Amino acid sequence: MKSYILPEFLIDRDDYRCIRCEVCVRQCAFDAHWYDEEDDEVRVDEDKCAGCLRCVTFCPTNALIVRRNPNQIPENANWTNEVLHNIYKQAETGGVLLTGMGCDKDYPIYWDRIVLDASQVTNPSIDPLREPMELRTYLGAKPDALEIGRKKGKSSVLTKISPQLRLETPIMFSALSYGAISYNVCESLARAASEFGTYYNTGEGGLHRDLYQYGDHTICQVASGRFGVHADYLEAAAALEIKIGQGAKPGIGGHLPGEKVSAEISHTRMIPEGTDALSPAPHHDIYSIEDLAQLIYALKEATHWEKPVSVKIAAVHNSAAIASGMVRAGADIIALDGIRGGTGAAPTMIRDNVGIPIELALASVDTRLREEGIRNRASIVVAGGIRSAADVVKAVALGADAVYIGTAALVALGCHVCQKCYTGKCNWGIATQDPYLTKRLNPEIGTRRLVNLLTGWSHEIMEILGGMGINAIESLRGNRLRLRGVGLSEEELRILGIRHAGA
Amino acid sequence: MAIYDYAIVGNSAAAINACDAIRARDAVGSIAIFSEEKYRCYSRPLISYLVAGEITTQGMYYRPSNYYRSAKVDFHKESRVVSINPAKKMLTTAGKEKVKWRKLLLATGFLPFVPPVNGVEETDYLTFVSWDDARRMLALTNKPAAALVVGAGLIGVKAAEALHARGAEVTVVEKMDRVLPLALDARASALVEERCSAKGIGIITGESVSGVESRGGHKGRAFLSDGSEIDFDILVMAVGVRPRTELAEAAGIDCRRGIEVDEYQSTSEMDIYAAGDAAIALDVVLGKPALNALWPVAALQGKYAGLNMAGDEVSYPGCNSMNSVEFFGLPVLSAGIVNPEGSDYEVITREDGDGEYRKVVVKGDTLVGMLMAGKIERAGILTSLIQERANVKRIKSCLLDEGFGLINFPHAIRQDRIVEALAGLKKADAVRGRRG
Amino acid sequence: MIRIVPKEEFCIGCRLCEIHCIVEHSKSKNIVKAYKKENRPIKRVEVEEEGHVSFALQCRHCEEAPCITACLSGAMQRDAESGAVINDPERCVGCWTCILVCPYGAVRRDEAERKVVGKCDLCPDLETPACVANCPNEALVIVED
Amino acid sequence: MLRGIRFPDDKDFSGCSIFGMMNVRGEKFNGEDMITAIANMKDRSNGLGGGFAAYGIYPQYADLYCFQMMYDDEGARKESEEFLEASFEIETAEIIPTRACEGVRESPLLWRYFMQPRQKVTCELEDVESFIVSVVMDINRKIDGAFVFSSGKDMGVFKGVGFPEDIGRFFRLEEYEGYSWVAHGRFPTNTQAWWGGAHPFNILDWSVVHNGEISSYGINKRYLEMYGYVCTLFTDTEVVAYAVDLLVRRHGLSVEDMAKVLAAPLWDEIDRMPAEGKQLHTALRQTYGSILMNGPFSIIISNRNQMIGLTDRIRLRPLVAGRSGDIRYISSEEAPMHLIDDNVEDTWIPRGGEPIIAELENIARPAAVEENLLSLSGADS
């Protein structure tokens with residue numbers, strides 16, 4: 001069938017600069033470039049270009065420009081190019097549209113409509129280069145009150161504090177499963193988390209045996225497929241996370257195609273090599289809140305009550321009520337994943353249309369838990385579109401204890417957000433299991449890049465805190481007075497629990 | 001009477017590399033080098049480059065001009081050693097100088113072998129093994145001349161090429177049926193012959209010179225075995241070379257075709273070592289001692305002789321017949337057995353046109369020979385496999401592939417070579433030495 | 001001395017090492033000029049590739065370097081200061097004996113100017129050799145011993 | 001003056017003078033010296049607020065709760081009194097005596113009530129004090145134009161809009177005898193001054209005077225709200241009073257541990273502590289991180305037994321301690337101590353986050369406090 005889909009991108013090659021070194025040819029797993037020996041020319045097959053810019057980045061002479069194909073249908077606000085493209089594709093294949101990464105629709109990004117406060121005159125801002133500035137964060141249930149005994153003039157804690165995760169910065173690496181991403185990405189995340197003093201999350205891919213050494217900084221997920229879940233796995237973790245939902249695909253399961261299930265992945269996930277790894281939409285042992293409570297306690301029991309248990313849900317309309325139930329069901333950490341949360345593969349329609357922005361979910365959950373007086377019983381971690389230190393600060397001020405970063409971490413590792421993760425041909429060696437591609441990510445470099453990112457963001461958070469005259473992150477957490485909205489409606493302000501700038 | 005810790009007879013590859021090795025281990029021991037020539041150490045194989053004008057006389061020297069001084073060596077030039085006395089550890093030079101030694105190295109090299117052809121002694125023929133030979137050739141080719149080269153071995157062909165470069169009209173006569181019959185195989189010989197012919201050099205193979213008639217000085221006429229005659233202005237006799245063993249033999253040192261040495265390059269006499277073209281030492285491919293009158297082999301033997309003389313106990317790893325030559329822009333590299341005889345050998349060849357010809361010879365799972373003509377890059381990888389007697393079972397089929405390299409080695413071996421064995425060649429040598 | 005160690009598990013086969021080696025050893029040291037206008041020098045590092053495995057290899061600067069022993073002209077010598085095995089192109093006659101004996105295949109013919117061999121010289125003008133500095137994945141690393 | 005000027009979620013930015021004076025033997029003295037001392041730091045206030053708290057001033061009603069109230073009008077008073085009568089036996093209701101004073105204008109109606117909760121009401125409650133707190137919260141929140149500005153026993157708060165010395169004279173403080181006093185001169189940058197917003201802030205017998213700005217106010221307030229404290233006064237100082245009440249009265253923390261919550265040691269310091277201290281302070285920060293008072297402050301927290309001085313962790317606001325026989329001083333500046341007392345023996349500046357505690361000598365006290373008392377009596381703190 002003749003395809004009506006136009007190439008998404010065009011590749012311009014500056015012949016003056018091109019030295020025929022073929023770096024682009026070798027770097028493109030989609031085979032968009034090829035060398036024509038007969039004419040000594042490098043040629044392109046633009047239909048195949050994913051727009052990942054690997055070739056552009058690696059071209060030693062900057063001879064390449066990848067640009068959006070200017071051949072567009074006449075401007076139409078309703079029938080956009082994207083809509084047409086999708087329809088052509090489905091008319092040609094009869095399939096469900098697949099995509100990767102997070103929702104790219106232009107729903108309001110509330111982070112960008114919230115501004116931060118700073119000290120002027122009446123209180124001094126603090127210079128983080130000269131004064132201590134504390135980002136340490138503990139995740140886990142906190143008691144309502146501390147019982148303190150006194151003996152011989154010394155106080156000692158009588159209350160048994162629930163297990164806590166200690167973070168040196170309120171940023172963790174989101175759930176990214178081995179299978180969706182390569183081993184080298186997992187190793188980079190694990191090492192960076194260990195080095196910086198934070199945590200990464202295994203996602204539902206199990207934990208490769210070589211990564212057990214980073215267990216102290218690993219949150220092991222228990223998802224609906226139960227892939228790779230066994231006693232040693234639970235034992236290795238610093239914390240466990242029951243994954244109910246994911247921001248990119250609330251309400252649906254996951255699917256790792258069999259071709260990605262290599263020997264190592266098969267071993268790690270405990271499924272036969274080459275078979276599809278299908279995560280059911282629900283946990284088939286959780287059909288109600290009390291079932292969740294049972295699993296939470298089962299996991300706590302299995303790990304001798306030594307590890308906090310997190311429950312992750314996609315941010316949906318009644319997140320606040322759900323979260324309240326989760327806290328009462330014994331979750332130590334509530335992880336909320338907003339509509340912009342990423343994925344290795346999701347149906348486009350789901351990704352782009354199901355769920356709510358994380359900012360609103362966070363605000364309503366935090367408010368609700370406070371209204372119920374149970375906010376201290378669980379930490380809130382938010383995910384789904386945290387792009388910068390400013391987003392982190394705003395999330396913390398809205399009420400989050402910490403954030404998960406997924407896409408941002410992958411971008412630090414080279415991801416160019418081309419959204420072709422589901423093809424398995426990630427030219428940046430991230431969302432792939434092809435050994436030719438996975439080695440493109442050297443975990444030494446990956447670790448360094450991630451640690452640098454955390455270092456940079458942490459410094460920025462400290463700067464912002466210092467500017468507010470605050471020297472400990474807990475004084476920002478839930479401190480919505482330091483936020484103001486810009487261009488937001490009354491209703492949005494009310495939900496966010498902040499006032500409009502100027503007021 | 002002078003007493004040297006180390007006395008070295010000879011001043012070429014073996015001698016100098018021995019001297020370097022000694023100095024690396026022993027900074028103070030006294031060293032004497034005796035050379036019958038007047039030159040500082042020069043590179044004998046470069047005489048053809050000198051004649052052809054590719055290098056200047058300055059380029060002939062193997063070491064910088066301050067070499068002997070900086071290495072603290074007493075250099076006795078134009079001082080031919082005429083006898084050695086192993087019992088007294090003493091040598092005598094042609095100038096009646098007597099010198100005692102503690103360790104002696106015989107690096108006496110070779111002499112050209114001139115067969116007893118009728119009339120040849122009456123003719124002022126040239127050989128082509130020394131700088132003086134080159135000077136004579138240069139003088140004789142100052143004006144147009146017809147040159148006849150007898151023998152198409154390495155020396156003969158290089159002489160022919162040099163003469164051609166000097167403008168001479170050259171004819172080469174070879175008794176065997178092709179040029180370079182020992183170093184190359186038939187296909188490579190043909191490639192060389194093609195090049196030579198294209199340049200106007202006459203190649204006559206399968207014929208020998210049965211007699212020479214002098215016409216005064218250098219001029220003369222040669223009679224070939226098929227009855228034809230060739231007039232020449234210059235006659236170059238390049239039939240072969242013979243190791244110089246007369247000094248050793250006279251001193252009662254065991255010699256067969258060359259001076260016999262053990263794995264430490266030590267002769268049958270205590271504290272007397274031999275190395276280089278005069279010595280017959282292990283050929284790893286043949287698995288027995290052999291004469292390999294080749295510069296790199298001489299240098300390696302000299303080095304091991306020097307190390308052992310200075311007190312190390314290291315085995316000479318052995319060598320093989322390695323040749324690197326270039327004729328009229330056609331480089332040809334070979335190592336080990338290139339003309340296998342018998343059915344235990346497997347021969348794989350590959351030809352890519354335009355003089356690009358490659359070949360490997362495998363016996364069982366061992367690579368025993370290789371030849372590369374035209375395209376020679378990375379030949380050393382094959383040489384090293386030959387040298388190491390490596391098992392090539394798994395890579396046999398790709399030895400001649402484009403891009404063959406360490407990538408084709410098993411991972412562990414490759415890793416060991418590249419990463420672990422950065423400084424390990426010596427280690428590998430020692431292992432091989434023990435085995436040999 | 002410094003040595004360059006290839007990490008084959010991270011070599012991505014992009015050959016930027018080869019490209020930058022060529023540029024560094026070119027007259028202009030300008031990549032476009034070196035490739036398009038000048039007599040392009042040979043690469044002194046070579047990426048070997050088979051399937052998904054690849055690595056870049058250049059002269060190992062062996063402690064017991066066979067090329068030095070085998071060199072007919074004395075052009076191949078160890079640099080006393082850096083410890084590197086360096087070929088002196090003034091003295092090299094292009095006899096290819098070093099090519100014959102190098103177990104790594106790390107010496108190549110370089111006939112851009114005259115007939116000599118070329119090999120890795122560890123980029124004496126640079127703080128870090130060009131291949132290492134330009135490897136995008138740190139598949140070439142420097143070790144010092 | 002109490003109506004319509006409150007900004008929800010707002011707080012008051014102020015720089016200020018604070019002064020505390022306590023006789024640890026419980027000997028009483030009148031308010032004269034306090035007025036002199038606070039007036040000495042006049043440039044730290046701007047006439048938009050001043051106030052005092054005094055302990056031991058109502059010995060005749062020592063067992064009764066004294067609610068001191070501000071009313072905008074009689075209507076508010078009526079409503080409040082009806083509300084109070086529902087749950088309290090009111091022994092005495094009287095107008096707080098004042099004198100006309102230049103510099104003090106537009107005062108609200110000022111009343112005080114000595115009373116105790118009715119048996120019926122308190123029977124239902126395990127904890128009378130929590131009931132009192134809830135009554136205060138209810139009046140302040142629900143009755144428009146009425147405001148409880150002091151609710152302890154045998155103590156009272158006197159505050160209003162004006163320079164503190166004028167307020168002192170207005171309330172005729174020379175007529176009151178107490179053993180422990182605190183005073184406050186206010187410099188709000190918020191021009192909207194109102195009587196209720198002056199310091200001290202009080203709940204039960206906790207009084208807080210404060211110089212500084214609590215940058216963490218937003219979260220401190222939200223945390224306290226979870227425990228039923230309704231911040232009605234819209235100033236950050238209020239949260240200090242409630243935090244102290246929560247920690248010490250309700251959660252039973254020692255004053256010292258309470259101080260370590262408000263001005264927590266840095267994690268670096270905690271990490272270097274021996275195991276027990278590390279565990280304690282880690283738990284305190286983990287549990288009470290939301291009422292860490294962040295930002296510049298120096299405060300004096302008083303109750304019937306103690307006077308506690310504290311600065312923020314990195315000491316961004318001034319605080320000086322002094323000693324003169326049985327008298328203990330805590331002040332923004334040193335000069336006022338010398339002005340009113342020729343016998344000040346030693347003075348020192350406490351470290352950031354280190355509480356200094358003056359305490360009545362004749363009361364039973366937890367041993368933990370001893371060390372701090374000792375350190376207060378020495379000059380090495």
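Please read all numbers here as calculations on a predicted model, not as lab measurements. Lettering of chains follows the sequences in order, A, B, ..., and the numbering in each one begins at 1.
The residue among D:N220, D:D312, D:I291, D:L284 with the most heavy atom pairs within less than 4.5 Å of chain A is D:L284. Contact count against chain D (heavy-atom pairs under 4.5 Å) is highest for A:A145 among A:A503, A:G399, A:A145. Comparing A:P143, A:S125, A:G140, A:A141 by how many heavy-atom pairs each has under 4.5 Å with chain D, the most go to A:P143. With chain D as the partner, the residue from A:L369, A:D144, A:L476 showing the most heavy-atom pairs under 4.5 Å is A:D144. By number of non-hydrogen pairs under 4.5 angstrom with chain D, the leading residue of A:K142, A:R136, A:E474 is A:R136. Chosen from A:V157, A:I470, A:I148, the residue pairing most often with chain D at heavy-atom distances under 4.5 Å is A:I470. Contact tally against chain A (heavy-atom pairs below 4.5 Å) for D:A283, D:S290, D:A264, D:G295: the top residue is D:A283.
Interface residue D:E276: only side-chain heavy atoms are found under 4.5 Å from chain A. Using a 4.5 Å cut-off between heavy atoms, A:Q164 touches chain D through its side chain atoms alone. Residue contact with chain A, scored on non-hydrogen atoms closer than 4.5 Å, involves the side chain of D:L316 exclusively. For a residue to count as touching a neighbouring chain, one of its non-hydrogen atoms must lie under 4.5 Å from one of that chain's; by this rule A:P132 touches chain D with the side chain only. At a 4.5 Å heavy-atom cutoff, D:L246 makes no contact with chain A through either its backbone or its side chain. For A:T367, the parts lying near chain D are the backbone and the side chain together; criterion is any non-hydrogen pair under 4.5 Å. Both the backbone and the side chain of A:R370 come within less than 4.5 Å of a heavy atom of chain D. Contacts of A:I161 with chain D are made by side-chain atoms alone, with heavy-atom separations under 4.5 Å and no backbone atom involved. Heavy atoms of D:Y223 lying under 4.5 Å from chain A belong to its backbone as well as its side chain. Looking at D:R250, there are no atoms closer than 4.5 Å to chain A (heavy atoms on both sides), in backbone or side chain.
The backbone N or O of D:I299 sits nowhere less than 3.5 Å from a side-chain atom of D:T311 that would complete a donor-acceptor pair. Side chain of A:R482 to backbone of A:M468: a donor-acceptor contact under 3.5 angstrom is found.
Note on A:D332 versus A:R377: no salt bridge recorded, every NZ/NE/NH1/NH2 to OD/OE distance being 4.0 Å or above. Salt bridge absent: A:R494 and A:E490 never bring a charged side-chain N and a carboxylate O closer than 4.0 Å. Salt bridge status for A:R484 with A:D117: absent, with no side-chain N to carboxylate O gap under 4.0 Å.
Using cut-offs of 30° and 60° on the angle between ring planes, the pair D:W267 and A:Y138 is tilted.
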